[in-house]
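See structure below.
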Amino acid sequence: MTPKESAQTYDIIDLSALIYFDANDPIATSMAMLTIDDDAPVSTISPIVTAPDSFHLEIHWSGTDIGSGVKNYTIFVATEGGSFLPWVELADSLSGLLPATIGHTYKLLAIARDSVDNKENKLDHDLEITFTADLIVGSQCSELGLNIGDPCDDGNLCTVNDTVNVDCLCIGTFQDSDNDGVCDAEDICPNGPEPGTPCDDENPCTINDTITINCECIGTIIDSDNDGYSDVCDSCPLDPNKHEPGICGCGVEDIPITWYADTDGDGAGDPNSSLAGYTCIQPEGYVANSDDQCPEDPGKIEPRICGCGISDVDTDEDGTPDCNDGCPNDPEKTEPGICGCGVEDIPMTWYADTDGDEAGDPNNSQSGFTCIQPEGYVDNSNDLCPDDAIKTEPGICGCGVSDIDTDEDSIVDCNDGCPNDPNKTEPGVCGCGIADVPSIWYADTDGDGAGDPNNSLSGYSCLQFEGYVANSDDLCPNDPNKTEPGVCGCDVSDLDTDGDGTPDCIDGCPSDPFKTDPGQCGCGNSDLDSDEDGIADCLDNCPTISNLNQLDSDGDGVGDVCDNCPSTANADQADFDNDGVGDVCDNCPKIANADQEDTDEDGIGDVCERENSLCNYVLLPKKRSKSRNQRFILEV
């Protein structure tokens, strides 16, 4: 239900409803009374703000509402000109402690909601407040017995100018004249670098120059190899045997050596090809040994059994190297034999497989070896049906006939009258694949697919009689559009053309979804009675003003109560000057004069006569006529 736009707060709406069940008389509900609340609440934040301590502001708010009353508040806060964020959300409380910082400015905005969810709308904040120390109630720092900014003693010898800060802490200023991080009260060298500070003692052979406890800059001599030379001035600071790199560099002794050519890259040198040098510098392509007796063979350093250039590998590990082995990959043979390398020479009997079923005929065979299978022969003699490719034994049906049981009913197809039907071995009444199920068939006289329960024949489910169906659902056997009587009965449609829940057969207005009875205005027309005078608008000569007597003195179809000329017919109600008096009875129709004042009772309203009195008249002379009479024409 939606109230009229003209409804105001405290307007009361009385309403009830009618409940319809099928074709029964409607049932009226009890009367309900609703009170309109169309006004949003109004709220404000108190300008009196105090601080219980240096961390919070105490805020108070309140509100009023015409209607259902204030339900809750949401308080928004903007800090230092930032965005408004919710602080208190949908609360029914009227005060709170706002976390705050002394010196910061806060804007507060309250939004109230009433009990029917009308929400307050504001264009600006309610209060702006800056948190200052004078807002704090009582002693600002009660634990210290002091106020913010008062002198105090923080107990630290390194600080000066100790005062109470906004957090009620006694804080001083750290004093460090040389800015070295150590306060003057504890600084060994208060006017210069502290002991341990890096410096430069101007000695090129020292390192880690630092300020001593006597505030002097002294460096350290480091001799890592203990050879008497400072590392800074030693070209080989980690080699106690050298002060200069020499041929091999620091840390490596300069030892002479003979290098041998490794032509085949197998890590062994050719004793017949060498160079003199040092152990620290190996020439490319040379090694320190002369062990290679096969300098051109990267696989050998000695000739062995097969000689240089040929591998002595024994792939099959049978004790004969591949260079002398006729079957180098077969550990059982050194010659191929009948079956070749890798296959044992085993004698066997082969049997003819005439029907190609991989089973041999025991009465047809020949001798040979396992490695050579004659074409058309197999290694078994299992075929008792040598000319039947499907069987190796006669089985139930004999050779040449399959023992398959297609429908898996334990009866092989050669003995099964219905080989594809697991439920039958003979066709029966309905044939293979269909069960012989007794059934009752019902006449479908009207052809709607539903059977007449009073007209039936006995038979089988597999044989349907023409004009009969398997169900007996038709309670209207001669009506093709119904199987049940419904509201309107057999042979009469239950169609509800206008979709109003009442079928056409009992609907007084079957094409009007808003009516089931013509009423005052007839089907298709609303019976609305805007002025609630008991006469529908379609028949009411003044539908917006109650006039039960329908008086129409001038018979123009417009009731006297809303006729702007009730004594003079004017169906069009024309009123040029919009003064509420129709043109046909207006004594001054072009100028508004709702009072129709006519002092001289000449039928012309006073406002028209005053307007006419303002007209200017001018006498214009014309040419003299022959009669010598002067003639004037009055032009307006």
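Basis for what follows: all heavy atoms, side chains included, without hydrogens, waters or symmetry-related copies.
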Donor-acceptor pair, side chain of [X] and main chain of [Y], under 3.5 angstrom:
X      : Y      : result
Asp498 : Asp512 : yes
Asn214 : Glu216 : no
Lys107 : Asp124 : no
Asp239 : Cys250 : no
Asp529 : Gly534 : yes

ask   = His60 and Ser95: side-chain contact (heavy atoms from CB on, under 4.5 Å), yes or no, with the steps?
value = CA-CA 4 Å; His60 294 262; Ser95 66; 3.6 Å; yes

Residues in side-chain hydrogen bond (donor to acceptor under 3.5 Å, both in side chains) with [X], at least two apart?
X      : answer
Thr497 : Asp504
Asp39  : Thr9
Ser43  : Glu120, Lys122
Asp494 : Lys482

inquiry  = For a 4.5 angstrom cut-off between non-hydrogen side-chain atoms, does Ile102 reach Thr132?
reply    = no

query = Can you check whether Pro204 reaches Cys233 side chain to side chain, under 4.5 Å on heavy atoms?
reply =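 Side-chain contact under 4.5 Å: no.
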
inquiry  = Is it true that, when you exclude Phe55 itself, more than 12 heavy atoms of the residues, nucleotides or ligands shown sit nearer than 6.0 Å to its CZ?
reply    = yes

key: Over 12 non-hydrogen atoms of neighbours within 6.0 angstrom of CD in Glu484   =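 No, the 6.0 Å shell around CD holds no more than 12 heavy atoms from other groups.
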
Kindly write out the residues that satisfy side chain to side chain contact (heavy atoms under 4.5 Å, CB included) with [X], not counting sequence neighbours, or none if the list is empty.
X      : value
Ala450 : Asp448, Asn471, Asp473, Asp474, Thr483
Asp209 : Cys199, Asp200, Asp201, Thr206, Cys217
Glu186 : Cys158, Val182, Cys183
Asp231 : Ile222, Asp223, Ser224, Pro237

Minimum heavy-atom separation for [X] to [Y], with atom names?
X      : Y      : answer
Ser493 : Cys505 : O-CB, 4.5 Å
Asp507 : Asp500 : OD2-OD2, 2.9 Å
Ile535 : Leu548 : CD1-O, 3.6 Å
Pro41  : Val70  : CB-CG2, 4.0 Å
Lys119 : Ala40  : O-CB, 3.6 Å
Phe131 : Ala100 : CD2-CB, 3.7 Å

Rounded to the nearest 0.5 Å, how far does [atom2] of [Y] lie from [atom1] of [X]?
X      : Y      : atom1 : atom2 : answer
Asp225 : Cys236 : CG    : SG    : 8.5 Å
Asp583 : Cys565 : CG    : SG    : 8.0 Å
Thr568 : Asn564 : OG1   : CG    : 10.0 Å
Gln573 : Asp563 : CD    : CG    : 4.5 Å
Leu157 : Thr159 : CG    : OG1   : 8.0 Å
Asp162 : Leu169 : CG    : CG    : 12.5 Å

Any side-chain donor-acceptor pair under 3.5 Å between [X] and [Y]?
X      : Y      : value
Glu58  : His56  : no
Asn541 : Asn547 : yes
Asn587 : Asn593 : yes

inquiry  = Can you pull out every disulfide bond (SG atoms under 2.5 Å apart) where at least one residue sits in residues 529-558? Sequence neighbours excluded, please.
reply    =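 As it turns out, the disulfide bond (SG atoms under 2.5 Å apart) pairs with a partner in residues 529-558, which skip direct neighbours, are Cys521-Cys538, Cys542-Cys562.
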
Scan the side chains in residues 73-90 for donor-acceptor partners under 3.5 Å anywhere in the protein, sequence neighbours excluded, and list what turns up.
unit_1: Tyr73; atom_1: OH; unit_2: Gly63; atom_2: N; d: 3.0
unit_1: Thr74; atom_1: OG1; unit_2: Leu90; atom_2: N; d: 3.1
unit_1: Glu80; atom_1: OE2; unit_2: Thr105; atom_2: N; d: 2.4

Only distances under 3.5 Å count here; give the side-chain donor-acceptor pairs of residues 108-116 to other protein atoms, sequence neighbours excluded, each with its distance to 0.1 Å.
unit_1: Arg113; atom_1: NH1; unit_2: Asp117; atom_2: OD1; d: 3.4
unit_1: Asp114; atom_1: OD1; unit_2: Val116; atom_2: N; d: 3.1
unit_1: Asp114; atom_1: OD1; unit_2: Asp117; atom_2: N; d: 3.0
unit_1: Asp114; atom_1: OD1; unit_2: Asn118; atom_2: N; d: 2.7
unit_1: Asp114; atom_1: OD2; unit_2: Asn118; atom_2: ND2; d: 3.0

inquiry  = Applying side-chain contact (heavy atoms from CB on, under 4.5 Å) to Thr44 and Trp61, what does each step give before you reach the verdict?
reply    = CA-CA 6 Å; Thr44 185; Trp61 56 88; over 6 Å; no

request  = Scan residues 531-559 for pairs that pass salt bridge (Lys or Arg N to Asp or Glu O under 4.0 Å), counting only residues two or more places apart or in two chains.
outcome  = none

task = Apply side-chain contact (heavy atoms from CB on, under 4.5 Å) to Glu609 and Thr599, showing your working.
result = CA-CA 10 Å; Glu609 292 184 335; Thr599 304; over 6 Å; no

ask   = Is it true that Asp527 and Lys515 have a side-chain N and a carboxylate O under 4.0 angstrom from each other?
value = yes

